[in-house]
**Q** 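Below you'll find the structure I mean.
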Amino acid sequence: MKYTVDESGFYGNFGGAYIPEMLYPNVEELRLNYLAITEQKSFNEEFQHLLREFVGRPTPLYFAQRLSERYQAHIYLKREDLCHTGAHKINNTIGQILLAKALGKSKIIAETGAGQHGVATATVCALMGLDCTVYMGKLDMERQKPNVERMRILGARVVPATSGNQTLKDATNEAMRHWINNPTDTHYIIGSVVGPHPYPDMVARFQSVISQEIKIQLIDQTGNPTPDYVVACVGGGSNAMGAFYHFLQDDHVQLIGVEAAGHGVDSGESAATTALGKPGILHGSKTLLMQTQDGQVIEPYSISAGLDYPGIGPIHAHLFETERASFINITDEEAMQAGIMLSRTEGIIPAIETAHAIAALDKLQFDKDDVVVLNLSGRGDKDLETYIRWGKY
Ligand SMILES: *Cc1c(COP(=O)(O)O)cnc(C)c1O
C-alpha cells in the first residue's frame with residue numbers, strides 16, 4: 001500500500017484540489033513547480049542551512065528516563081519545542097518562503113488561528129525581507145494578543161477577519177480572497193497538511209525532516225532505526241505527518257494520532273475529527289470533517305487553539321480509513337493533567353496541543369522493551385495563561 005500522494009493529488013479517497021475557478025492559476029503554478037524546485041540541489045542546500053543555523057536543527061531525540069519508568073517502556077521525546085519560535089511550524093514556513101522566492105513572489109499571505117503559524121510566517125518574511133500579511137479572526141486576535149504583537153514586532157500586517165464567527169475558518173476565507181485578487185506577486189503559506197493539492201504533500205515533505213532525524217538518532221541511541229510506536233497530536237496533522245513520514249512503509253511501526261476531545265467526544269464540544277467526521281470538502285480538499293446532516297461545518301472546540309479545527313489533512317483521513325494509523329482522542333482535562341505531569345516528570349512544560357499526545361500514553365499498552373517516540377510539537381510558553389486559568393497544579 002502506498003500512503004503518499006498519487007499523480008492526481010489524491011490519497012486513496014481523499015485529497016484533490018476542489019477550488020474555485022479563480023484560484024486555479026495560483027494552485028496550478030504551484031503544482032507544476034513545487035517538485036522541480038524543492039528537489040534542486042541549491043534549494044536543498046539553503047533549506048538545510050537555514051534549518052541548521054536559524055531553526056536550530058537537528059532537534060534532540062531525548063531519552064525521557066523518568067517518563068519511561070512511569071510507563072514501563074523506552075520513551076524518547078523528539079524536541080520540536082526547541083525549534084526557533086517554539087514549535088515545528090517553522091520547518092514548513094522556511095521551506096515555503098524559499099519556494100516563494102524561487103517562484104519570484106514578493107508578497108506573502110497566511111491565515112492563523114492561535115497565531116503560531118502567523119508568527120512562524122512573519123519570522124521567515126522578516127528573515128527574507130518579504131512583505132507579510134496575516135489574516136486572523138477578530139475574536140482570535142482578542143484571545144491571542146501576545147502573538148498578534150509578536151507578528152507586528154516582526155513587521156507583519158495583521159488583518160482581522162470579521163465575517164462568520166471571526167475565527168480560523170473566516171481568516172482562511174479572507175486569505176483565499178486576497179490570493180484570488182493578487183495572483184501574480186503573492187504566495188499563500190498554508191500552515192498544515194491541509195488545503196488543495198499540492199499543499200498537503202508539500203507541507204508533509206518540509207516537515208518530514210522530523211522523522212528523517214528520528215531514524216538517524218534512533219540508530220545512534222538504540223542501534224535500530226525504527227521504533228515500535230510514534231505518537232503525535234493532530235490538528236491539521238503537520239507535526240504528526242512529519243514524525244510519521246519516513247515510517248509509513250514500515251508496517252511494524254505503530255502510528256498513533258491524537259485528537260482533541262474537548263469536553264468529551266459526545267459533548268457537542270470537541271475536535272475529534274476521525275471519531276465524528278464524515279467525508280466532505282474543506283478548504284479545497286476532500287477529507288473527513290465534522291458536519292451537520294446537511295453538510296454545514298460544525299464549529300470545533302478544544303482548549304488548545306492549535307487542535308481546534310473541524311477537519312484533518314487528507315493523508316490522515318487515508319491513514320485512518322486504511323487503518324495504517326490509529327487515532328485516539330483526549331479531553332481538555334486529560335491533556336491539562338498530562339501537561340503538568342510532563343512538567344514535573346521531565347522538567348519540560350509542553351504546549352497544550354502536545355499535552356494531548358502525552359495523555360495518550362495512559363491509553364496505550366506497552367511491553368517493557370517497546371521503543372516509543374513522542375513528538376513534542378511545541379513548548380508551553382504561549383499557553384501560560386491557559387495553564388493559570390485552569391489552575392489545578
Ligand atoms: C499548530 C500546532 C499544532 C497542530 O498543528 P498540526 O498541523 O496538527 O501539527 C500542534 N502543536 C503545536 C505546538 C502547534 O503550534
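In each ligand, atom 1 is the first atom listed, and ligand 1 is the first ligand listed.
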**Q** Below a 4.0 angstrom heavy-atom separation, can you tell me which part of D81, side chain or backbone, both or neither, approaches ligand 1?
**A**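 None of D81 does.
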**Q** Tell me, please, which residues at least two apart from D185 pass side-chain contact (heavy atoms from CB on, under 4.5 Å).
**A**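 Listed in chain order: S106, K107, N182.
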**Q** For ligand 1, which is the ligand I care about here, please tell me if G236 has any N or O atom under 3.5 Å from one of the ligand's N or O atoms.
**A**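 Yes, there is a polar N/O contact under 3.5 Å.
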**Q** Which atoms form the tightest heavy-atom contact between A360 and V231, and what is the distance?
**A**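 Where A360 meets V231 most closely, the heavy atoms are CB-CG1, 4.3 Å.
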**Q** If the condition is salt bridge (charged side-chain N to carboxylate O under 4.0 Å, His left out), which residues does R66 pass it with, not counting sequence neighbours?
**A**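 For R66 there are no salt bridge (charged side-chain N to carboxylate O under 4.0 Å, His left out) partners, ignoring immediate neighbours.
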**Q** Out of all atoms in ligand 1, which are within 4.0 Å of some heavy atom of G235? Include the element for each.
**A**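 Per the distance check, 8 (O).
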**Q** Nearest protein heavy atom to atom 10 (C) of ligand 1, by residue and atom, and its distance?
**A**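 The closest heavy atom on the protein side is E353 CB, 3.5 Å.
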**Q** Would you say that H356 contacts S304 through its side chain, given a criterion of any heavy-atom pair below 4.5 Å between the two side chains?
**A**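 The answer is yes, as the side chains (C-beta and beyond) meet within the 4.5 Å cut-off.
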**Q** Can you list the ligand 1 atoms lying under 4.0 Å from a non-hydrogen atom of S377?
**A**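 Result: 10 (C), 11 (N), 12 (C), 13 (C).
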**Q** Would you mind running through ligand 1 and noting each atom that sits below 4.0 Å from a heavy atom of S192?
**A**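 Within the 4.0 Å cut-off of S192, ligand 1 contributes 6 (P), 7 (O).
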**Q** If you look at every heavy atom in G115 and N147, which pair is closest and at what distance?
**A**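 Smallest interatomic distance, heavy atoms only, reads C-ND2, 3.7 Å.
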**Q** So if I count the atoms of ligand 1 from 1 in the order they appear, which ones are less than 4.0 Å from some heavy atom of A351?
**A**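 The atoms of ligand 1 under 4.0 Å from a heavy atom of A351 are 13 (C).
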**Q** Does a donor on one side chain sit under 3.5 Å from an acceptor on the other, for D294 and T292?
**A**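 Yes, because at least one side-chain N or O of D294 sits under 3.5 Å from a partner of the opposite role on T292.
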**Q** With atoms numbered from 1 as shown, which atoms in ligand 1 lie under 4.0 angstrom from a non-hydrogen atom of G306?
**A**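 So the answer, numbered in order with elements, is 4 (C).
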**Q** Working to the nearest 0.5 Å, report the span between CH2 of W179 and OG1 of T133.
**A**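 Answer rounded to 0.5 Å: 14.5 Å.
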**Q** Classify the ring geometry of F43 against F206: parallel below 30°, tilted from 30° to 60°, perpendicular beyond 60°.
**A**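 Parallel.
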**Q** Which ligand 1 atoms, with their elements, are less than 4.0 angstrom from a heavy-atom of S238?
**A**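 Ligand 1 atoms under the 4.0 Å threshold to S238: 6 (P), 7 (O), 8 (O), 9 (O).
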**Q** In the protein, which heavy atom is nearest to atom 2 (C) of ligand 1, and how far is it?
**A**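 Minimum-distance protein heavy atom for atom 2 (C) of ligand 1 reads K89 NZ, 2.4 Å.
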**Q** Are any of the N/O atoms in N239 less than 3.5 Å from those in ligand 1?
**A**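 Checking ligand 1 against N239, an N or O pair does fall under 3.5 Å apart.
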**Q** Please evaluate residues W390 and I340 with respect to the criterion side chain to side chain contact (heavy atoms under 4.5 Å, CB included), reporting the C-alpha separation (whole Å), side-chain torsions for both, the decisive distance (0.1 Å), and the verdict.
**A** CA-CA 11 Å; W390 181 70; I340 302 299; 3.6 Å; yes
**Q** Under 4.0 Å, heavy-atom basis, I'd like to know which part of H88 is in contact with ligand 1: side chain, backbone, both or neither.
**A**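 The part of H88 near ligand 1 is the side chain, not the backbone.
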**Q** Out of all atoms in ligand 1, which are within 4.0 Å of some heavy atom of G378? Include the element for each.
**A**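 Going through ligand 1 atom by atom, the ones under 4.0 Å from G378 are 13 (C).
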